Amino acid sequence: TALTHEFYADGPVWIAPAVYSYIAETGDDAILDLDVPYFDEGSSSVWEHMLTAVRFLYNDRGEHGLCHIHDGDWCDTAHLLGKKGIGEGVWLSIALYNTLQTVIEIAHGTGRLAVLPELMAMAEDIKEKVNEHGWDGDWYLIAYNDEGRKIGSHESEEGKLFLNPQSWAVLSGIAPYERVQKCFEAIDKKLDTWIGPLLLTPAFTKKDITIGSITGFHPGTIENGACYCHAASFKIVADCKAGRGEQAYETLMKIVPGGTADDMNEQADCPPYAFTNCRYSPEHPYLAGRFLNTWITGTVSWCWQAMTEWILGVRKTLDGLLIDPCIPAKWEGFTVSREYRGTIYHIEVKNPKHLNKGVQSIIINGKEIAGNIIPICKEKEVQVLVVMG
């Protein structure tokens with residue numbers, strides 16, 4: 001595989017969530033002790049790789065105490081924000097906080113307690129810096145560029161508001177309650193459309209070499225203000241974290257193949273079984289709603305998580321299956337079967353009070369359990385009855 005010279009700074013934030021997902025699914029925490037090489041030189045355990053990743057990002061910070069963004073982060077076409085090594089990423093720092101929470105959970109769950117004070121101090125410091133320097137009054141910035149200019153600010157002429165810092169501020173838990181409400185207000189009133197939430201608004205119309213090629217795309221195209229379905233999946237998770245079952249499901253139905261956006265769109269040009277990377281936004285003069293880049297998107301994996309683990313709420317953890325649905329209140333319930341660590345769980349969820357969120361009781365094979373985490377079962381199949389309340 002050919003390697004590029006770009007230094008995308010978000011690589012380290014994805015290691016711990018991937019490892020957590022593997023351990024939670026399989027129960028195989030021995031992977032943490034597996035020795036694997038670094039790209040440049042040397043090797044260490046998977047656990048040490050995770051610690052190296054978060055320590056690197058934490059120690060690579062700028063004047064606001066936020067992580068240097070270098071050649072970009074998740075939004076890889078905003079690649080000139082930190083070209084000089086000065087620009088800082090607000091979303092990137094929020095993502096680091098989220099990853100630190102994951103590493104802390106793994107440390108707790110596997111008895112690696114000695115490192116907890118360090119990790120918790122890092123997380124608290126990042127949280128403080130993001131809320132001090134990343135907040136713009138009504139929403140979170142996306143970054144500071146090399147010139148120290150706020151990007152994704154009400155002060156900006158274009159690109160005033162970005163989706164990812166708002167959704168991740170909620171899903172990571174970094175935003176205080178009152179700011180959670182403002183993040184959703186910004187999303188609902190300024191970003192949401194009939195095709196789904198836009199990645200940013202208003203779209204850039206003038207090229208800006210202090211931001212990146214994102215500003216050179218036609219307005220409403222790809223990262224420049226399209227509905228980027230990968231990011232819309234992040235937003236669904238944030239909705240579910242906050243108990244917004246109606247909004248989570250509505251967004252899902254907008255972005256899935258053959259969903260409501262297709263019903264409203266005579267230009268839909270993608271087969272109803274293929275996810276698209278993004279849709280042209282209503283800001284595009286003649287392609288609004290059209291698909292762009294099918295079959296080559298990371299949307300599917302995140303949307304699958306958003307659907308199964310957050311809306312249906314059947315979520316793997318280190319201790320077992322967590323049942324935490326977040327659904328439209330009109331739903332009477334649903335059924336789902338989930339194979340997990342050698343057992344098939346046949347789960348029936350009832351919603352007699354027509355709630356968005358909340359579990360009143362869980363009964364496994366006729367016996368009620370405490371809490372909403374189903375412990376690891378040894379049977380081949382089990383029947384689970386969940387009553388929301």
Side-chain angles (χ1 to χ4, degrees), residues 10 13 17 57-58 61-67 69 73-75 78 81 87-102 104-105 120-145 148-156 159-193 196-202 228 231-248 250-251 306 310 324 326 356-357:
D10 65 318
V13 306
L57 277 177
Y58 181 78
R61 293 188 290 160
E63 66 170 305
H64 299 98
L66 304 171
C67 301
I69 198 168
D73 52 27
W74 179 92
C75 186
L81 287 169
E88 301 165 87
V90 175
W91 173 84
L92 179 62
S93 300
I94 295 171
L96 171 58
Y97 177 82
N98 187 68
T99 297
L100 281 165
Q101 301 307 307
T102 302
I104 288 169
E105 185 175 347
M120 294 170 73
M122 291 164 65
E124 190 58 34
D125 187 25
I126 289 293
K127 182 177 184 178
E128 179 183 329
K129 296 300 191 297
V130 165
N131 281 305
E132 181 180 357
H133 299 294
W135 182 248
D136 195 51
D138 289 309
W139 55 76
Y140 286 93
L141 307 169
I142 187 74
Y144 289 85
N145 68 3
R149 179 161 56 93
K150 296 177 180 178
I151 308 299
S153 168
H154 70 281
E155 299 172 4
S156 306
K160 291 176 178 286
L161 170 63
F162 284 70
L163 175 62
N164 282 349
Q166 320 321 318
S167 58
W168 277 70
V170 177
L171 70 85
S172 70
I174 205 170
Y177 175 78
E178 63 277 5
R179 291 187 179 179
V180 168
Q181 307 313 307
K182 288 200 168 189
C183 287
F184 280 128
E185 184 176 348
I187 292 171
D188 295 343
K189 293 185 177 181
K190 298 180 182 294
L191 291 170
D192 203 17
T193 71
L198 306 182
L199 194 61
L200 63 88
T201 194
Y228 215 91
S233 300
F234 299 154
K235 183 262 186 190
I236 293 171
V237 175
D239 283 330
C240 292
K241 278 261 188 171
R244 294 180 8 129
E246 317 294 340
Q247 294 88 342
E250 181 180 279
T251 296
W310 293 94
D324 184 27
C326 185
N356 291 127
K357 195 176 179 73

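None of the values given here were measured: they were computed from a predicted structure.
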Quick one: list whatever passes ring pair (Phe, Tyr, Trp, His ring centres under 6.0 Å) with Phe234, sequence neighbours left out. Trp74, Trp168, His230, Trp302
Using residues 89-98 as the side-chain source, report each donor-acceptor pair under 3.5 Å to any protein atom, sequence neighbours left out, with the distance given to one decimal.
unit_1: Ser93; atom_1: OG; unit_2: Cys67; atom_2: N; d: 2.9
unit_1: Ser93; atom_1: OG; unit_2: Gly89; atom_2: O; d: 2.7

Is there a side-chain contact between Phe184 and Val170 (heavy atoms, below 4.5 Å)? yes
What pair of heavy atoms forms the shortest contact from Ser156 to Lys150, and how long is it? OG-O, 3.7 Å
Given the options Asn164, Asp192, Thr251, Lys235 meets side-chain hydrogen bond (donor to acceptor under 3.5 Å, both in side chains) only with Thr251
Taking all non-hydrogen atoms of both residues into account, name the closest pair between Phe162 and Gln166 and its distance. O-NE2, 3.0 Å
If you round to the nearest 0.5 Å, how far is CD1 of Ile187 from CG of Asp239? 7.0 Å
What are the two closest heavy atoms between Asn131 and Ala175, and how far apart are they? OD1-CA, 4.4 Å
Judged by modelled atom types alone, do Tyr58 and Asp125 share a side-chain donor-acceptor pair under 3.5 Å? yes
Rounded distance [0.5 Å steps], CD in Glu132 versus NZ in Lys127: 14.5 Å
Is the shortest side-chain heavy-atom distance between Glu63 and Glu88 below 4.5 Å? yes
Is Asp138 salt-bridged to Lys189, cutoff N-O under 4.0 Å? no
Residue pair Gly65 / Ile126: nearest heavy atoms and the distance that separates them: O-CD1, 4.1 Å
Grab the two heavy atoms, one from Ala306 and one from Ser233, that are nearest each other, plus how far apart they are. CB-O, 4.0 Å
Does any part of the side chain of Val180, heavy atoms only, come nearer than 4.5 Å to the side chain of Lys241, both counted from C-beta? no
For His64, check ring pair (Phe, Tyr, Trp, His ring centres under 6.0 Å) against everything at least two apart and list the hits. His133, Tyr144
Shortest non-hydrogen contact between Leu141 and Ile151, atoms and distance: CB-O, 3.6 Å
Rounding to 0.5 Å, atoms CZ (Arg244) and CD (Glu250) come to a distance of 9.0 Å
Is any side-chain heavy atom of Val130 closer than 4.5 Å to one of Leu66? yes
Find the distance between CD1 (Ile104) and OG1 (Thr99) and round it off to the nearest 0.5 Å. 11.0 Å
Do the side chains of Trp139 and Pro165 get nearer than 4.5 Å, heavy atoms only? no
Would you say the side-chain atoms of Arg179 pair up with the backbone N or O of Ala169, donor to acceptor, closer than 3.5 Å? no
Taking side chain as C-beta onward, heavy atoms only, is Lys190 less than 4.5 Å from Lys160? no
Any side-chain heavy-atom pair from Asp324 and Lys357 closer than 4.5 angstrom? yes
Indicate yes or no for a side-chain donor-acceptor contact from Asp136 to the backbone of His154 under 3.5 Å, with no hydrogens or angles considered. yes
